[in-house]
Structure formats: C-alpha cells, structure tokens
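Below you'll find the structure, written out as structure tokens, and then a few comments.
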Amino acid sequence: MEERDIIILGSGPAGLTAALYAARADLKPLVLKGIDAGGQLMLTTEVENFPGFPDAVLGPELMEKMEKQAARFDAELLHQEATRVDFSSRPFGVWAGDQEWRARTAVIATGATAKMLGLESERRLLGHGVSTCATCDGFFFRGMELLVIGGGDSALEEALFLTRFATKVTIIHRRDQFRASKIMRDRAVAHEMIGIIWDSVVDEVLGDGQVAGARLRNLKTGGLTDVPAGGVFVAIGHTPNTGLFEGQVELEGGYIVVQEPTTRTSVEGVFAAGDVVDFNYRQAITAAGMGCRAAMDAERFLEAEGH
Ligand code: NAP
C-alpha cells in the first residue's frame with residue numbers, strides 16, 4: 001500500500017489551510033473532507049471578518065475558494081469521512097469503511113460542532129437570524145432586540161458582546177441560576193441592556209424566512225409566551241469532533257491537547273489544528289492560522305526524519 005507523507009482529516013479552514021501549505025511543500029496531501037465538508041462556515045451566510053474580502057463573502061463560497069486553492073497545488077481531496085484511525089505505530093493507519101490509507105504524518109482538523117436545541121424551526125432559520133456565533137454575526141443585528149439561549153460562560157459572553165449592537169438582549173435559561181463563572185454572572189446581571197428569563201426553554205423559533213421571535217415555555221408553570229426578536233443566538237456549548245481519537249491522542253474536556261506554541265499532539269507525527277483544539281477563539285482566521293502551523297510542523301517533522 002502506498003505510504004503518504006501526510007493525511008489531513010477535516011476540511012474547514014484549518015484542514016484546507018493545512019492542505020494548501022502541505023501541497024505547496026510538495027507533500028501531496030490527502031484530505032478526507034468528512035461528511036460535513038467545509039465545517040461550520042457552511043452554516044453561515046455573510047462572513048465579514050475574514051481578511052481579504054472587503055465586501056464580505058458567503059461562508060460556503062469562502063470554503064469553496066479554499067478548497068480550489070488547495071486543489072490547484074495537487075492536494076487530493078476526497079469526500080469521505082474517516083471511520084477509524086490507528087496512531088499506535090507508524091506509518092499511521094486511517095480508514096473510511098473498508099478503504100485504508102497509510103501516512104507518515106497526520107493532521108487532525110475535524111473541528112467542533114455547536115450544540116443546537118434540535119428544533120426544526122431553528123434548523124430552518126439558521127443563518128437567517130439564528131446564529132451560534134456572536135463575534136461572527138453580531139454586527140448584522142444592529143438596532144434589534146436579541147435573544148441568547150444558555151446559562152454558561154459562552155451565553156453570558158455572547159450576551160455582553162451583543163449589547164454593542166442590540167437595543168436589548170434577553171438571556172433565556174432553563175434553570176433559575178447560571179452555570180457561568182461569578183464574574184460573568186455579575187456582569188450580565190448588572191448590565192442595564194440585559195434582561196433574563198429564567199426557567200424557560202425555546203419551544204419554537206418564530207419567523208418565516210427571517211427570525212421574528214421565539215415561543216418560550218416556562219418549565220415551572222408550563223405557560224407559553226411569544227417574545228419578539230430579530231435574532232436568536234444559541235450558546236449552549238460546543239462538542240469537539242474527537243470521538244475517533246479517544247485512546248489515541250491525549251484529550252482534555254474532549255478537545256485535543258497540543259504542545260503550544262506548536263500543533264504537536266501527544267503522538268509524534270500527529271498534529272492538530274482549529275476548533276478541535278481551540279475552544280477559546282473559534283474563528284475561521286485563527287483556525288486557518290493553526291492549519292498553516294500544523295502543515296509546517298508536519299513538514300519539519302518529515303524533514304527531521306529524513307523524508
Ligand atoms: P457550558 O458551560 O456547558 O454551558 C452550557 C449552558 O447551556 C448551560 O447553562 C446549560 O444549562 C445550557 N444548555 C445546554 N443544553 C441546553 C439545551 N438543550 N437547552 C437549553 N439550555 C441548554 O458551555 P459553554 O458556556 O460553552 O462553556 C464551555 C466551557 O468554556 C466552560 O468551561 C466555560 O467556563 C468555558 N468558557 C469560558 C469563557 C470565559 O471564561 N470567558 C467563555 C466561554 C466559555 P444548564 O446550566 O442547566 O446545564
């Protein structure tokens with residue numbers, strides 16, 4: 001079986017940037033794009049904060065451009081999802097069903113998935129007023145009333161950030177106390193533009209083509225209330241896509257541990273980049289930067305090994 005220099009798992013900004021750099025270093029990378037090829041940007045509309053696009057770019061269009069750019073330099077991209085890996089000895093083994101590849105290095109860039117409420121209306125209006133990222137989308141909601149769902153640090157951070165644009169931000173939490181740290185709780189509660197609705201969940205996101213509000217259900221009384229809003233920010237946490245790597249590389253809280261400032265994981269020759277590592281910044285540009293570092297780390301590793 002042919003032994004590749006590098007195999008990249010994932011095709012969001014981290015995976016595709018790693019592919020671009022590896023391809024331009026003549027490593028002929030193989031990219032297993034995954035089922036949700038393109039990652040979280042495929043679920044967004046306008047991206048205004050990726051440098052180089054002064055008039056914004058659509059998330060899916062940006063990912064298509066990144067893929068084309070990697071392919072131009074002979075990255076091989078397959079629309080397949082890795083179903084098993086073996087990092088216990090080199091060359092590493094990667095499988096998609098019955099198909100098997102061997103590689104001297106691997107880059108894990110499988111990303112993270114924002115947790116969703118699981119409502120049909122939420123899915124339908126994602127990118128049309130439903131968002132999972134205030135930093136990315138807050139700017140589009142200037143002058144509107146907004147809802148933030150969740151009670152952890154993410155929800156409160158998003159709510160505080162959104163007060164820059166919104167006329168009012170209401171946090172909807174399913175219990176009567178926040179899970180978030182004390183400092184964030186204090187800030188959110190004290191903020192004059194932030195309101196809180198306790199003990200409530202969203203039964204339905206309202207709106208036809210664009211979010212108009214949400215139907216809330218009080219878990220203590222069962223009562224339903226319709227609240228008008230121009231945007232609904234779901235901030236109930238993220239799940240790193242690392243199920244495949246359990247027992248293979250070191251994880252912490254589900255995220256892959258790397259030896260900062262490098263992208264080295266606990267296994268020599270395996271590197272990781274993007275949201276699968278980074279639960280802090282979670283931006284396309286930071287993921288792309290890390291993908292670049294992972295490819296350069298892999299290239300230097302191969303060179304040191306005499307390949
Ligand atoms: P989290 O701490 O797991 O909080 C998730 C919140 O969403 C909880 O309040 C939870 O409610 C609620 N929730 C979960 N599923 C829900 C559902 N289906 N419907 C309604 N509500 C739901 O997640 P996170 O806020 O993303 O934080 C993750 C980690 O990153 C934490 O360790 C956090 O401290 C850290 N973080 C830190 C900062 C910071 O320091 N600036 C910022 C962001 C994140 P319950 O409380 O009832 O479970």
Side-chain angles (χ1 to χ4, degrees), residues 39-40 43-44 111-126 129-138 146-164 169-191 194-206 211 213-227 229 231-243 250-258 260 272 274-284 286-287 290:
Q40 293 183 74
L43 305 175
T44 61
T113 309
K115 288 185 190 160
M116 303 300 290
L117 301 170
L119 305 168
E120 188 280 325
S121 52
E122 169 194 50
R123 221 173 357 257
R124 182 166 40 84
L125 292 166
L126 191 62
V130 173
S131 169
T132 56
C133 178
T135 312
C136 320
D137 298 335
L146 301 175
L147 304 179
V148 174
I149 321 300
D153 280 318
S154 292
L156 272 49
E157 195 171 73
E158 302 253 303
L160 286 160
F161 181 77
L162 289 169
T163 58
R164 299 174 192 206
V169 179
T170 304
I171 300 171
I172 316 292
H173 185 36
R174 63 183 178 183
R175 292 188 294 132
D176 61 2
Q177 58 185 32
F178 286 134
R179 175 179 296 278
S181 54
K182 183 172 181 321
I183 184 165
M184 297 298 280
R185 291 197 310 258
D186 290 349
R187 272 191 214 156
V189 169
H191 202 291
I194 294 181
I196 302 163
I197 299 181
W198 302 108
D199 298 315
S200 296
V201 292
V202 175
D203 255 11
E204 190 183 343
V205 182
L206 305 172
V211 167
R215 180 158 302 150
L216 307 184
R217 181 162 46 91
N218 185 299
L219 292 174
K220 288 198 168 148
T221 65
L224 296 176
T225 319
D226 287 357
V227 185
V232 173
F233 285 79
V234 181
I236 60 174
H238 285 77
T239 310
N241 302 321
T242 51
E250 187 188 348
L251 303 176
E252 194 178 313
Y255 289 86
I256 294 181
V257 177
V258 295
E260 291 280 0
D275 287 13
V276 76
V277 176
D278 169 27
F279 47 82
N280 189 13
Y281 298 104
R282 289 193 183 118
Q283 299 300 300
T286 52
M290 208 171 175

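All ligand and atom numbering here is 1-based and tracks the order in the structure. Sequential numbering from 1 along the given sequence is applied to the chain's residues.
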Quiz item: Are any non-hydrogen side-chain atoms of Val169 and Phe233 less than 4.5 angstrom apart?
Solution: no

Quiz item: Who's touching ligand 1 if we go heavy atoms under 4.0 Å?
Solution: Leu117, Gly150, Gly151, Gly152, Asp153, Ser154, Glu157, His173, Arg174, Arg175, Arg179, Ile236, Gly237

Quiz item: In this structure, are over 12 heavy atoms from other groups packed under 6.0 Å from Phe161 atom CZ?
Solution: yes

Quiz item: Hey, is the main chain of Gly118 close enough, under 3.5 Å, to the side chain of Glu122 for a donor-acceptor pair?
Solution: yes

Quiz prompt | Side chain Thr170, main chain Gly195, donor-acceptor under 3.5 Å | solution = no

Quiz item: Using 30° and 60° as the class limits, which term best fits the ring planes of Trp198 and Phe178: parallel, tilted or perpendicular?
Solution: tilted

Quiz item: Does Glu204 reach the main-chain N or O of Arg215 with its side chain, forming a donor-acceptor pair under 3.5 Å?
Solution: no

